[in-house]
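Presented below is the structure to which this report refers.
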Amino acid sequence: CIFDNMQLSWLPRLNRCAIALLTAFLGLIMVVFQASTVERCTSNTQRSIRVYTNVTRAQRPSDLSPEDIKSVRIFVFFVGYQRSGHSLVGSMLDAHPHAVVPHEFMLFERLVDRNDNSTLFNRTILYNELWKHSVADATRGWRSDLAYEKAARKGYTLAIGGTSWHGAFTRLKVIGDKSGGKAARVFHRKPAEFREAYERLRIAVGVPIRVLHVVRDPFDIIASDTLYAASPVAGQRLR
């Protein structure tokens, strides 16, 4: 027997009642653990259903009601340099339940270069276009589950896990665009047209505009740009 060489002389002295209490205590722990697991899974499932419902309903531009549009308090856009972290900051903002900040909507490129100002200077159309773009990011873009498949090629994903609200919101208070480097290039090439577009945008949205400029260590920018472009450095990719 496996217990032949063990000193178990104390075992017969154990009270059966004590053993029963110990067994019941261990059983109670298991029940509490299972209940906690079920509650957590149920909560995650309910949230997934809620987000899926919001995303599905948000496919149509009309789903941004007049109340949603009127509830916006801040309009934001990014300006700066490429590989500075704008995408990460924009993704974190879009993950907030009160914000819609799509990835690379190219707002000023559309307003200045593509001459989309006939429609995008209409607040309702602009907000709905931004909303649709955010939903697309959450369902099939860099902020979706598909992004994890693309991450093997790009090296990272913009999807914020946990309790993020990509493609959904509870009450819309902040809306805008994340196209930092492209906005800066438009301003550099056509500063007069950029200023004119900005003034018209400010009048159209009718709420304060916040310009976000993300600053990153220049050596990190160089390293990130080299890695992203897969450029050879001394015969190897810089990591």
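Since we're looking at a predicted model, the values are computed, not measured.
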Practice problem: Any chance you could measure M106, atom CE, to H133, atom NE2, to the nearest 0.5 Å? | Solution: 7.5 Å

Exercise. Determine, stepwise, if the pair D113 / K190 fulfils salt bridge (Lys or Arg N to Asp or Glu O under 4.0 Å).
Key: CA-CA 9 Å; D113 289 341; K190 300 179 179 180; 3.1 Å; yes

Practice problem: Output the distance between atom OG (S179) and atom CZ (R110), rounded to the nearest 0.5 Å. | Solution: 9.0 Å

Quiz item: Would you say the side chain of K178 lies within less than 4.5 Å of the side chain of S87, judging by non-hydrogen atoms?
Solution: yes

Exercise. Measure across P208 and R210 and return the closest heavy-atom pair with its distance rounded to 0.1 Å.
Key: CB-NH1, 3.4 Å

Self-check item: Whether F194 and F108 hold their rings parallel, tilted or perpendicular, with breakpoints at 30° and 60°
Solution: parallel

Quiz item: Y81 and H213: aromatic ring centres closer than 6.0 Å?
Solution: yes

Self-check item: Note: E109-R185 ion pair, threshold 4.0 Å (strictly below)
Solution: no

Quiz item: Taking C-beta and beyond as the side chain, do V101 and F77 meet within less than 4.5 Å on heavy atoms?
Solution: no

Quiz item: Under 4.5 Å between side-chain heavy atoms, hopping through other hydrophobics if needed: is there a path connecting V207 to L120?
Solution: yes

Practice problem: May I ask you to decide if W131's main-chain N or O and S134's side chain share a donor-acceptor pair within less than 3.5 Å? | Solution: no

Self-check item: Side-chain touch R195/F187, heavy atoms, less than 4.5 angstrom
Solution: yes

Quiz item: Is there a side-chain contact between I203 and Y198, using heavy atoms and a 4.5 Å cut-off?
Solution: no

Self-check item: Distance (rounded to the nearest 0.5 Å) between D177 CG and E104 CD
Solution: 7.5 Å

Quiz prompt | Transitive ILVMFWY side-chain link F105 to F121, under 4.5 Å | solution = yes

Quiz item: Between the main-chain N or O of D220 and the side-chain N or O of S224, is there a donor-acceptor pair closer than 3.5 Å?
Solution: no

Quiz item: So which of V100, D94, T170 actually passes side-chain contact (heavy atoms from CB on, under 4.5 Å) with W165?
Solution: T170

Practice problem: Answer yes or no: is there a side-chain heavy-atom contact under 4.5 Å between V76 and I74? | Solution: yes

Quiz item: Taking C-beta and beyond as the side chain, do I221 and S84 meet within less than 4.5 Å on heavy atoms?
Solution: yes

Quiz item: Hey, does Y127 have a side-chain heavy atom less than 4.5 Å from the side chain of L172?
Solution: no

Quiz item: Cluster question for you: counting only ILVMFWY and a side-chain heavy-atom cut-off of under 4.5 Å, with indirect links fine, are I69 and L126 together?
Solution: yes

Quiz item: Looking at CZ of R200 and CG of L111, how far apart are the two atoms once the value is rounded to the nearest 0.5 Å?
Solution: 8.5 Å

Quiz item: With a 4.5 Å heavy-atom cut-off, do V174 and V72 have their side chains touching?
Solution: no

Quiz item: Got a salt bridge between K132 and E129, using NZ or NE/NH1/NH2 to carboxylate O under 4.0 Å?
Solution: yes

Exercise. Nearest 0.5 Å please: distance from the CZ atom of R123 over to the CD1 atom of I175.
Key: 10.5 Å

Quiz prompt | NE2 on H86 to CG on L93, rounded to 0.5 Å | solution = 11.5 Å

